Every structure is written in structure tokens, then in C-alpha cells.
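Only one structure is covered here, and it is reproduced in the block below.
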Amino acid sequence: MDDIGHKDRPEHEGISVRAARIQDVAKLADVSTATVSRALATPERVSPEARARVLEAIAKTGYVPNPAARTLRSQKTYMVLVVLPDLANTFFSKILRGIEETLFEAGYGMIISDLDGSPEKEAHFAAFTAAGRVDGAILLNGHLFGQTRAGEGNPARITIPLVALCESIPGADIPQIEIDNRAAACRMTRHLASLGHRKIAYVSGPASNVLERERFLGFQDGLAASDLPFDRALVIPGDYTIETGVKAGQDIVARANRPTAVFCTSDEMAIGLMRTLFSAGLSVPRDISVAGFDDIEFAAVAEPALTTIRQPRRELGQTAASALIDLLQGRPSPKRIRLETELVIRDSVAPL
């Protein structure tokens, strides 16, 4: 007679439906249990082939590691905090992907902190970090917890490794991953001038932002290198959002003596500005050339496609995560890494 109690019990290559154990994974992957543990905790110490077998075995067995036991043994959380100034900004999408990919390969997860300009949120995440709820943090907000962008105030006492990404933090003795914003803005300004534009407007970012300060200096550098005078009346305030791009467009439309080209220091502002120009019956680039900065996903599909400065966003995220992993695993990391940008020429800019 069949054993009714086991007749319909599903099995997977000899492993029953009881909760899978690490020994089951090791047997199926033909490795030791220590190798399974390393593949999960410190994957860089395991060959790609062995890790692939372990991951496949985990998928087949349904093994679920016990994070609480792992944390208790190592005194680590294997989590990293990523601090953003505004999660709604599409600029951060590829950066987050680069961070997540690199952290995952090293056995870490990430928690995203969207500060959204809230001091209460910042205080909460500062306490969260100081309490050891994460092993390290990547800061994209341009300052340490408790400081302003200008470096004023007393930073929260945080002892875990930190890395600054995109926005450098003056005076902070931590790895800082960025691009050369000044050189990139100079390059775009010189490109517009080389096409015959002599009256170039500049739509800025927030005045307190370190990126804005560098890009504004680059704009001035580009004018000087092209033998063009600086005209304060051609500087229009913005904050990197579509809304301020729309307002900048309204400003330009209302002018009797309009610029022939506009350099917006973010693609979102450039897209908002172009929309306003179209609504007013102006053509881009026939009437006014428009350039941006960042090369977000929408830049290539805008109408017309946007000339811009391409930031290596995914690589920026990967580099920052790698620098943090080095610190977490006791290896030194360079204090400053600058990645190259690219001038991307599309249809929104034309010779005068």
C-alpha cells in the first residue's frame, strides 16, 4: 500500500517541502556550507562560477537566509543608507541603479532616504544612522547630517563610513565622487558661442547649491574664453525643476530683446522652458537654441531632442558604492574621484 502521508508531497531533487537549510543549498551546489555563507555575505571572496551555483541552488530549494542571525554573528546590518535631496528628480534613477547593482554584488542592500527639504526627516535619518541601523551611507544631499550646504552647524556624531556623491561636501574627510561641473558648463557655453551665439542666457540652479556655484563659474569661464561679456540680466533663477524652466521660458518670451540661446543647468528646466517657448509660438532651435545638463532619459526623446551634458550617472552610482564597500571591508578608498562628462549634440541647438 502507498504511504498516503507522503504520496502527494512535492519534492525537489530529493529535498522535501520542509524549510530548506543551508546544508541543502551546499549539497545541491556541490560546495561547502562555508562557501554558501561567503557567497551571501562576502561574494567577492567566491568565484563567479561558485556563486552562480549557490544562487541557483537557493532558487531551487527556496532557502531563505536568516538575516537576524547573520547580523548577530557579524555585528553588521549589511544595509547601506542612500540619502537623496529629492527622490522625485528623475536624475537619480540611473545613479540608484548603479548603487544597487554594486551593493547587491557585494551582499548589501540599500535603504533610500528622501529628505525632500525636511529638517525632521534629516534628524530622523541622522539618529537612524548614528544608532547603527546601517553599516554605511552614501550622501547625495551635499552636506553632512546637521550641517548646512555652506558647512555651518555641528554635524551629527556618526561613526560609520560615509561617501559623498555628485555634490561634494567641503571640509569633509570622506571619499567624494563627482564630475567637473565647472569644466562641463564651460564646454557647453563655448559650444553655443562657437555656433555664433553672442547673447546666451543662463538658467541657474539654487544659489546655495555647490553644483550651481561650479556651473555658474563654468558659464562665466566659457563666456570669457569666447570673448563674450557677462550680462547679469541674462541670468535667470531656477532650481533644476520643470516648473522653474517654465517660469524662465515665460521670462524670455516677455522680453523685447531675447537671447538667441539658453543654457539651462538641468535637463528638466530645459524641457519646461522649451514647452513654454512652443506655447508662445517660438521655434526651437530656429528662434532660440536651448541646451541642458545631465542627459536624463527624456532628453533624447524631447521634441526637439535636447543638446546636453551627459553625466555618467550609472557609473557614478557604481563608483560611490564601490568606494563605500572598500571602506566597509577595511580597504582604503581615494578621497576624490572625478568621472568624465560628454557633450551630447542633438537637435535643440543650431548655428545662429
Side-chain angles (χ1 to χ4, degrees), residues 89-94 179 181-205 211-212 214-216 218-223 225-226 228 231 233-255 257-313 340-352:
N89 190 329
T90 56
F91 169 75
F92 296 116
S93 59
K94 285 189 177 180
I179 63 164
N181 285 276
R182 183 170 182 169
C186 177
R187 186 178 184 185
M188 178 61 81
T189 306
R190 295 185 68 175
H191 174 65
L192 295 173
S194 73
L195 297 175
H197 295 283
R198 318 308 289 170
K199 194 172 185 179
I200 305 170
Y202 174 89
V203 184
S204 74
L211 303 182
E212 164 53 28
E214 289 296 306
R215 292 175 192 179
F216 184 54
F219 172 65
Q220 293 176 302
D221 292 343
L223 293 176
S226 306
L228 295 178
D231 184 353
L234 291 175
V235 177
I236 304 170
D239 64 4
Y240 298 144
T241 64
I242 288 179
E243 292 77 12
T244 54
V246 168
K247 290 179 181 178
Q250 293 168 344
D251 180 316
I252 290 171
V253 167
R255 297 186 183 208
N257 189 12
R258 296 176 183 139
T260 62
V262 184
F263 175 24
C264 298
T265 52
S266 82
D267 289 344
E268 288 200 14
M269 291 195 299
I271 291 169
L273 184 141
M274 287 197 298
R275 174 76 182 200
T276 304
L277 297 181
F278 297 150
S279 297
L282 296 172
S283 173
V284 176
R286 187 184 65 219
D287 296 318
I288 300 177
S289 288
V290 177
F293 199 113
D294 291 334
D295 197 30
I296 63 173
E297 285 79 357
F298 299 117
V301 296
E303 186 58 44
L306 186 63
T307 291
T308 187
I309 294 291
R310 174 177 294 155
Q311 294 203 54
R313 293 182 289 146
E340 295 295 323
T341 59
E342 179 185 352
L343 172 63
V344 181
I345 299 174
R346 298 195 181 105
D347 301 329
S348 65
V349 168
L352 186 60

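Quick caveat, the model's predicted, so the values are computed rather than measured. In what follows, every heavy atom counts, from backbone to side chain, and hydrogens, waters and symmetry copies are set aside.
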Is any side-chain heavy atom of L352 closer than 4.5 Å to a side-chain heavy atom of L195?
no

Do V203 and T244 touch side chain to side chain, with heavy atoms closer than 4.5 Å?
no

Only counting residues at least two apart or in another chain, list the ones meeting ring-ring contact (aromatic ring centres under 6.0 Å, His included) with F92.
none

Quick one: closest heavy-atom pair of T241 and D239, and the distance?
OG1-OD1, 2.5 Å

Give, for atom CZ of R190 and atom CD1 of I200, the distance between the pair rounded to the nearest 0.5 Å.
12.0 Å

Sorted by chain and number, sequence neighbours left out, salt bridge (charged side-chain N to carboxylate O under 4.0 Å, His left out) with R275 holds for none

Smallest heavy-atom separation, A193 atom then S226 atom, equals CB-OG, 3.4 Å

For R255, the side-chain contact (heavy atoms from CB on, under 4.5 Å) test, sequence neighbours excluded, returns L234, I236, D251, R258

Apply the side chain to side chain donor-acceptor pair (under 3.5 Å) test between N181 and each candidate in E214, R215, E212; give the one that qualifies.
R215

Kindly give the heavy-atom pair with the smallest separation between I252 and P259, and that separation in Å.
CG2-CD, 4.1 Å

First locate atom CG of L306, then atom CE of M274, and finally report the distance between them rounded to the nearest 0.5 Å.
5.0 Å

Less than 4.5 Å apart, side chain to side chain, heavy atoms only: is that true for T276 and K247?
no

Any donor and acceptor pair, going by atom type alone, linking the side chain of T308 with main-chain N or O of F293 inside 3.5 Å?
yes

Among residues at least two apart in sequence or on other chains, which ones pass side-chain hydrogen bond (donor to acceptor under 3.5 Å, both in side chains) with T341?
none

So which of T260, L192, L228 actually passes side chain to side chain contact (heavy atoms under 4.5 Å, CB included) with R198?
L228

Minimal heavy-atom distance between A270 and A291, with the atoms involved, is CB-O, 4.0 Å

How would you list, by chain and number, every residue that makes a salt bridge (charged side-chain N to carboxylate O under 4.0 Å, His left out) with E297, sequence neighbours excluded?
R313

Please report the interatomic distance CG(L211) to OG(S204), rounded to the nearest 0.5 Å.
12.0 Å

Side chain of H197, backbone of A350: donor and acceptor closer than 3.5 Å?
yes

Counting only N and O atoms by type, is there a donor-acceptor contact under 3.5 Å from the side chain of S348 to the main-chain atoms of P304?
no

How would you list, by chain and number, every residue that makes a side-chain hydrogen bond (donor to acceptor under 3.5 Å, both in side chains) with Y240, sequence neighbours excluded?
none

For E303, check side-chain contact (heavy atoms from CB on, under 4.5 Å) against everything at least two apart and list the hits.
none

State, with a plain yes or no, whether a side-chain heavy atom of I345 is found less than 4.5 Å away from one of L343.
yes

Can you find a heavy atom in the side chain of T189 that is under 4.5 Å from one in the side chain of Y202?
no

Heavy-atom pair with the smallest gap, counting every atom of T307 and D347
OG1-N, 4.3 Å

Which residues pass the salt bridge (charged side-chain N to carboxylate O under 4.0 Å, His left out) test with R187, not counting sequence neighbours?
none

Partner set under side-chain contact (heavy atoms from CB on, under 4.5 Å) for Q220, not counting sequence neighbours
F216, L217, F230

Search all heavy atoms of C264 against all heavy atoms of L273 and return the closest pair with its distance.
SG-CD1, 4.0 Å

Salt bridge (charged side-chain N to carboxylate O under 4.0 Å, His left out) involving D295 - partner list, sequence neighbours excluded
R310, R346

Looking only at atom types and distance, does a side-chain atom of D294 sit under 3.5 Å from a main-chain N or O of I296, one as donor and one as acceptor?
no

Is the shortest heavy-atom distance from the side chain of D267 to the side chain of F298 under 4.5 Å?
no

Test side-chain hydrogen bond (donor to acceptor under 3.5 Å, both in side chains) applied to T90 - qualifying residues, sequence neighbours left out
E268

Assess whether atom CD of E342 is packed by more than 12 heavy atoms of other residues, nucleotides or ligands within 6.0 Å.
yes

Going by side-chain hydrogen bond (donor to acceptor under 3.5 Å, both in side chains), name the residues that satisfy it together with R182, two or more places apart in sequence or in a different chain.
D221

When rounded to the nearest 0.5 angstrom, what distance separates OG1 in T265 from CE in M188?
11.0 Å

